[in-house]
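For reference, positions follow the sequence shown, starting with 1. Since the structure is predicted, the reported quantities are computational estimates derived from the model, not experimental observations. Atoms within a ligand are numbered from 1 in the order they appear, just like the ligands themselves. Computation of the quantities below employed the complete heavy-atom set of this structure, encompassing side-chain atoms and omitting hydrogens, waters and symmetry-equivalent molecules.
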Amino acid sequence: MFELNLEINHFLDTYWQKKPTVIKQGFIDFIDPILPDEIAGLAMEEEIESRLVYRDEKQQWQAECGPFESFEKLESDGATLLIQAVDHWHEDAQQLVRPFRFLPNWRIDDLMISYSTPKGGVGPHIDNYDVFIIQGMGKRHWRVGEKHPIKKEFAAHGALKHCEPFDAIIDVELEPGDILYIPVGFPHEGYAVEPSMNYSVGFRAPDQNDLISSFADHLIDNNEKPLRYNDINMQMREKTGQIETQELNELHRVMLANCATPEQLIPWFGKMVSEAKHDLDIATPEVKHSEQDILATFEEGAQFTRLGGLRAVYFELSPELLFINAEQFSCEGFTELGHHLCDQDKVGSEVSELLQQDKQALTLFTQLVNLGYWYAT
Ligand code: SIN
Ligand code: CO
């Protein structure tokens, strides 16, 4: 179990999304939850996203995508192996996300783990997410620069985006248990001083373009009767080259008709934000559980754990809807239970009482277990 050594309110007021900081010994007596060999094992799997980054003899940046069959590059200095979404695949590593649950679930992106040989790093870059980088075994030297809206970015390699050099506002060597927090948009680079493990807990911060393009995709898929531009009161025109203000107003009305109020965003955003960006390790039960099986399992004292990386959210504005893995479910009449499932990683006897009292709640929970989204532990 990892306990964060951090004054959370002070951190949120002073640093969150505002400026980078080092949380010295954020985890006291830190022990790596995963071994470098296990990292290599994950990088051999087809469904797990992995990358190997290094510089060749001419000091040119190179990047290869997994799955990998061998790891010769990691026998020399200057190489880094990175694995995305380890929280989906490794239960002990997943425990590293839990201490950051003082932030809302929907903002959590994934847990990325890197293993670097001395001098290994991915080069200077800017991330699209807020990130806590935890130092595991070894030491790594980090530099972080000031946020700069026009800092140039370029492709150092097809799979590697870098930014131009920057002056450091943080220049530090991290030791096991130290945490570097970097808000979205601050350039940074880190190079291992000795063989080093780093854990990055990332928090998505979608930008306007991400949101609008996703909303447009949602409309294309779901809006069967789209509103059409209308100029039924057309008058004869002299200035035929001109688009009149009232015409622009009508275009604006048509475009915004499906997103004029925050409530209208709920079906789209709920699905979008609960969709897993990386594969999930779903194991659907071979034989479907009955509702009675579920109650009996609780009675035996079992708990049910939410699948690592599964996204489950609800909206304050629409409390009777749950969005789980890009699907909408109703929890009308049992919102307390529905919300509890989204708020907690594990549920136990507190839920079994509610399930015994509410048949619809039991039906939904059984369905979720049969989908492989919650499993008995
Ligand atoms: C790494 O762990 O090697 C890269 C982390 C980052 O800079 O975001
Ligand atoms: Co980064």
Protein residue, atom and distance nearest to atom 8 (O) of ligand 1, heavy-atom basis: Asp127 OD2, 3.2 Å

Side-chain touch Arg140/Ile133, heavy atoms, less than 4.5 angstrom: no

Heavy-atom gap Tyr199 to ligand 1 smaller than 4.0 Å: no

Top protein contact for atom 3 (O) of ligand 1, by heavy-atom distance: Arg140 NH2, 2.9 Å

Beyond-backbone contact of His188 with Trp142, side-chain heavy atoms, under 4.5 angstrom: yes

Parallel, tilted or perpendicular, as decided by the 30° and 60° cut-offs, for the rings of Phe100 and Phe27: perpendicular

Numbering as shown, the atoms of ligand 1 that approach His188 to under 4.0 Å (heavy-atom distance): 6 (C), 7 (O), 8 (O)

Ligand 1 atoms in contact with Leu82 (distance to a heavy atom under 4.0 Å): 1 (C), 3 (O)

Atom 6 (C) of ligand 1 - nearest protein heavy atom and its distance: His125 NE2, 3.6 Å

Protein contact of atom 2 (O) of ligand 1 - nearest heavy atom, named by residue and atom, plus distance: Ser114 OG, 2.7 Å

Geometric class of the Phe304/Phe298 ring pair [parallel <30°, tilted 30-60°, perpendicular >60°]: tilted

Region of Trp142 engaging ligand 1 - heavy atom pairs below 4.0 Å: side chain

Which atom of His125 approaches the Co ion (ligand 2) most closely (N/O/S): NE2

Side-chain donor/acceptor of Arg306 to backbone N/O of Leu341, under 3.5 Å: yes

Which atom of Asp127 approaches the Co ion (ligand 2) most closely (N/O/S): OD2

Centroid separation Phe30 to Tyr199 less than 6.0 Å: yes

Sub-6.0 Å ring centroid separation between Phe323 and Phe269: no

